[in-house]
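To start, the structure itself, in structure tokens.
Given the structure is predicted, the values throughout are model-derived calculations rather than measurements. This chain uses plain numbering: 1 for the first residue, then up along the sequence.
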Amino acid sequence: MIRDARSEDAEAIASIYNYYVVQTPVTFEEEPVTASQMAVRIDDVIATSLPWIVLERDSIIVGYAYATKWKARSAYRFSVESTVYLARHAVGQGLGTYLYQALIDRLRALNINTVVGGITLPNPASVALHEKVGMRKVAQFERIGYKFSVWRDVGYWQMCLK
């Protein structure tokens, strides 16, 4: 089941995200996020009228996705950056595609024109997910982030919804 996220989901969402923060280079965040910090992030996204959704299985959150403004200037108002994370045990079951497509559907309904997804490289699973939902690679920044004592590249995938 996919539903809108609520502040009360912050602990479960932080738990999913913090695995990636602590164990992987896929996010450039380096310190775990508290539930209260995550609740503020959720509320901030909701306050902009953009979607933050969660995927539940047996009433347990196993993934989440959301969109944030791509940039602050008004001409970018129809462009967003997307984020999708799954719990470790939920990876590889097609749930990422299901969740991402639900996010894209909500963005279409909001009259969003462009969705951009950033991916720390290499990350074949995330690249495959973005391309499966119809995004294409449009840019790559080399050695832009430094995590776990290694310089990391970031690629950007984009899809126009209209």
Item checked: From Asn111 atom CG to Lys162 atom NZ, the distance as rounded to the nearest 0.5 Å -> 3.0 Å
Checklist line | Check: Thr34/Gln37 side-chain N/O donor and acceptor closer than 3.5 Å | finding: yes
Next item on the list: Salt-bridge test for Arg3 and Glu56: reply yes if a basic N is under 4.0 Å from a carboxylate O, no otherwise.
Entry: yes
Check: Which pair of non-hydrogen atoms, one from Tyr156 and one from Val116, has the smallest distance, and what is that distance?
Finding: CD2-CG1, 3.5 Å
Margin query: Looking at every non-hydrogen atom in both residues, tell me the closest pair between Leu50 and Ala67 and how far apart they are.
Written below: CB-O, 3.5 Å
Notebook entry, point to check: If Ile, Leu, Val, Met, Phe, Trp and Tyr residues are connected whenever their side-chain heavy atoms lie under 4.5 Å apart, and connections chain through other members, are Val40 and Val21 in the same group?
Noted result: no
Check: Are more than 12 heavy atoms from other residues, nucleotides or ligands located less than 6.0 Å from atom CD of Gln140?
Finding: yes
Check: Is there a side-chain contact between Val33 and Arg41, using heavy atoms and a 4.5 Å cut-off?
Finding: yes
Margin query: Side chains of Tyr66 and Pro51, heavy atoms from C-beta outward: is any pair under 4.5 Å?
Written below: no
Next item on the list: Considering non-hydrogen atoms only, spot the tightest contact between Leu103 and Ala65 and give its length.
Entry: CD2-CB, 4.0 Å
Next item on the list: Nearest 0.5 Å please: distance from the NZ atom of Lys69 over to the CZ atom of Arg77.
Entry: 11.0 Å
Item checked: CZ/Arg57: more than 12 non-hydrogen atoms of other groups inside 6.0 Å -> no
Next item on the list: To the nearest 0.5 Å, tell me how far Arg143 CZ sits from Trp151 CH2.
Entry: 6.5 Å
Notebook entry, point to check: Atom NZ of Lys71 and atom OH of Tyr76: how far apart are they, to the nearest 0.5 Å?
Noted result: 5.5 Å
Check: Can Tyr17 and Glu29 be counted as having a side-chain donor-acceptor contact under 3.5 angstrom?
Finding: yes
Item checked: Val115-Tyr98 co-clustered via ILVMFWY side chain contacts under 4.5 Å -> yes
Notebook entry, point to check: Between Val54 and Ala5, what is the shortest heavy-atom contact and its length?
Noted result: CG1-CB, 3.9 Å
Check: Does some side-chain heavy atom of Leu86 sit less than 4.5 Å from a side-chain heavy atom of Tyr64?
Finding: no
Checklist line | Backbone N/O of Asn123 and side chain of Ser126: donor-acceptor pair under 3.5 Å | finding: no
Checklist line | Ile61 to Ile16 - nearest heavy-atom pair and separation | finding: O-CD1, 3.7 Å
Item checked: Phe28/Tyr146 aromatic ring centres below 6.0 Å -> no
Note to self: I'd like to know if Arg6 and Asp43 make a salt bridge, using a cut-off of under 4.0 Å between side-chain N and carboxylate O.
What the structure shows: no
Checklist line | Modelled atom types, side-chain donor and acceptor of Gln101 and Arg106, under 3.5 Å | finding: no
Notebook entry, point to check: If you take all heavy atoms of Ile53 and Asp4, which pair is closest and at what distance?
Noted result: CG2-OD1, 4.0 Å
